[in-house]
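What follows is a set of notes on a single structure, which appears directly below.
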There are 2 protein chains.
Amino acid sequence: MSNASCHCIALRKATRKLSSLYDAALAPLGINVGQFSLLRRVRRFGPVSLTDLAEYLDLDRSTVGRNTKVLERMGLLTVATGRDQREALLSLTDAGRQVVEDGAPLWDAVQGNIETRLGAERLAQLHDILNDIQTDC
Amino acid sequence: MSNASCHCIALRKATRKLSSLYDAALAPLGINVGQFSLLRRVRRFGPVSLTDLAEYLDLDRSTVGRNTKVLERMGLLTVATGRDQREALLSLTDAGRQVVEDGAPLWDAVQGNIETRLGAERLAQLHDILNDIQTDC
DNA sequence: TCAAACTGCGGGTATATGCACGTATCTATG
DNA sequence: CATAGATACGTGCATATACCCGCAGTTTGA
């Protein structure tokens, strides 16, 4: 079976496509799906440090640091120093909260599209498999 | 169901993990899974233009152009001008062919691991779903 | 034949992502 | 209390990825 096309490449390809779908849906807000996800995490867990946020998002800390810089420049979140002066505590600005709120229906729409297209069963299969992939290392 | 976590983010996360697995396996060769995939395509279809290769890989042409530059710098492929002087025709060098050959067993190993871990059925489900995602736009 | 339309690329711009390294800060121990 | 070790970040480096624009070479239609 290993002669089949690379599972990794197939996954990457699908990820690009799916990302572009979500990105297109959120485009009216001027943010992409990664940024939307990050903002929602900050809304939910903020004020939160970069390290903790990176853990939640399962991304490298430095990646999160750079990604937040973009959102900070956009005025969607602020970075404050905590009691521990090393910590960069992230919080949403009013604009950031607004974007998350405005984005919800847009995100719901794409998410719903995907669910309709794939159906509940295959969707469950997908998440089950993805989960396996992530927990195997 | 839309309250579940974002399908796109889940896919991206799994893609990062899986990519790093493949990358680790190919690390002895000094290339990553994307580069390995590209080299194999060039071996199979070369000499091939950037535009055609981009189509095969389902990547943006400029992305492929940049990615090939890295491999060219590594001495794994060469860029020649075709009859149509605009075309950049890609071919593997001897070193490139060697890398593809040496990489085959390494790639087989990871690919096989994944297949063992997921099992044939779930693997078929995965590809079926990924295929759907890609063809829906 | 000659200009218009088309095509193939390169480069600029921007984000995403991870690793390695350096700096500032905190903490625990002698 | 001073210092070694741990922790939180930032930055440099490298690749991945896409979009847009402009240049140059090609093809085509009048």
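Reminder, nothing fancy here: chain letters follow the sequence lines and each chain counts from 1.
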Do any side-chain atoms of residues 46-60 of chain B form donor-acceptor pairs under 3.5 angstrom with protein atoms, and if so which ones, sequence neighbours left out?
residue: B:S49; atom: OG; partner: B:D52; partner atom: N; Å: 3.2
residue: B:S49; atom: OG; partner: B:D52; partner atom: OD2; Å: 3.4
residue: B:D58; atom: OD1; partner: A:K17; partner atom: NZ; Å: 3.3
residue: B:D60; atom: OD2; partner: B:S62; partner atom: N; Å: 2.9
residue: B:D60; atom: OD2; partner: B:S62; partner atom: OG; Å: 2.5

Indicate every side-chain donor-acceptor pair of residues 77-96 of chain A with a distance under 3.5 Å to a residue at least two apart or in another chain.
residue: A:D84; atom: OD1; partner: A:R86; partner atom: N; Å: 2.9
residue: A:D84; atom: OD1; partner: A:R86; partner atom: NE; Å: 3.1
residue: A:D84; atom: OD2; partner: A:R86; partner atom: NE; Å: 3.4
residue: A:D84; atom: OD2; partner: A:R86; partner atom: NH2; Å: 2.7
residue: A:T93; atom: OG1; partner: A:G75; partner atom: O; Å: 2.6
residue: A:T93; atom: OG1; partner: A:L76; partner atom: O; Å: 3.2
residue: A:T93; atom: OG1; partner: A:A95; partner atom: N; Å: 3.3
residue: A:T93; atom: OG1; partner: A:G96; partner atom: N; Å: 3.0
residue: A:D94; atom: OD1; partner: A:R97; partner atom: NH2; Å: 2.9

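Screening residues 70-99 of chain B for ring pair (Phe, Tyr, Trp, His ring centres under 6.0 Å), with sequence neighbours left out, gives no hits. Applying the salt bridge (Lys or Arg N to Asp or Glu O under 4.0 Å) test to pairs two or more places apart or on separate chains, none has a residue in residues 66-79 of chain A.
Heavy atoms of B:S49 sit under 4.0 angstrom from primed sugar atoms or phosphate atoms, though from no base atom.
Rounded to a whole Å, the CG atom of B:L53 is 14 Å from the C1' atom of C:dG8. In this structure, B:D60 places its CG atom 13 Å from P of C:dG10, rounding to the nearest Å.
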Trace of the side-chain contact (heavy atoms from CB on, under 4.5 Å) decision for B:R122 with A:Q125:
CA-CA 8 Å; B:R122 276 145 49 91; A:Q125 290 171 358; over 6 Å; no
Close N or O pairs between protein and nucleotides 22-25 of chain C (under 3.5 Å):
residue: C:dT25; atom: O2; partner: A:R86; partner atom: NH1; Å: 2.9

Between the protein and nucleotides 13-15 of chain C, list every N/O to N/O distance that falls short of 3.5 Å.
residue: C:dT15; atom: O3'; partner: A:N32; partner atom: ND2; Å: 3.4

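To the nearest 0.5 angstrom, A:T15 atom OG1 is 10.0 Å from B:I9 atom CD1. In this structure, the separation between CG on A:L29 and CD on A:Q35 is 10.5 Å, given to the nearest 0.5 Å. In this structure, CG on B:N67 lies 10.0 Å from OG on B:S37, to the nearest 0.5 angstrom.
Closest-nucleotide positions on DNA chain D for A:E87 and A:R16 were compared, and the one nearer the 5' end corresponds to A:E87.
In this structure B:T63 satisfies the side chain to side chain donor-acceptor pair (under 3.5 Å) test with no other residue, sequence neighbours excluded. Scanning for side chain to side chain donor-acceptor pair (under 3.5 Å) contacts around B:T68 gives an empty result, with sequence neighbours left out. Remark: B:Q98 engages B:D102 in a side chain to side chain donor-acceptor pair (under 3.5 Å) (not counting sequence neighbours). Every residue two or more places apart in sequence or in another chain that forms a side-chain contact (heavy atoms from CB on, under 4.5 Å) with B:A14 is listed here: A:L11, A:L130, A:I133, A:Q134.
In summary, contact between chain A and DNA chain D, defined as any nucleotide atom under 4.0 Å from a heavy atom of the protein, begins and ends at D:dA6 to D:dA18 in the 5' to 3' direction.
Contacts of residues 92-103 of chain A with DNA chain D (heavy atom under 4.0 Å): none.
For C:dC19, its base sits under 3.5 Å from the side chain of A:S62 at one donor and acceptor pair at least.
Taking 4.5 Å as the limit, some side-chain heavy atom of A:R12 sits within range of a side-chain heavy atom of B:V33.
Close to C:dG18, at under 4.0 Å from its OP1 or OP2, lies a side-chain N or O of A:T63.
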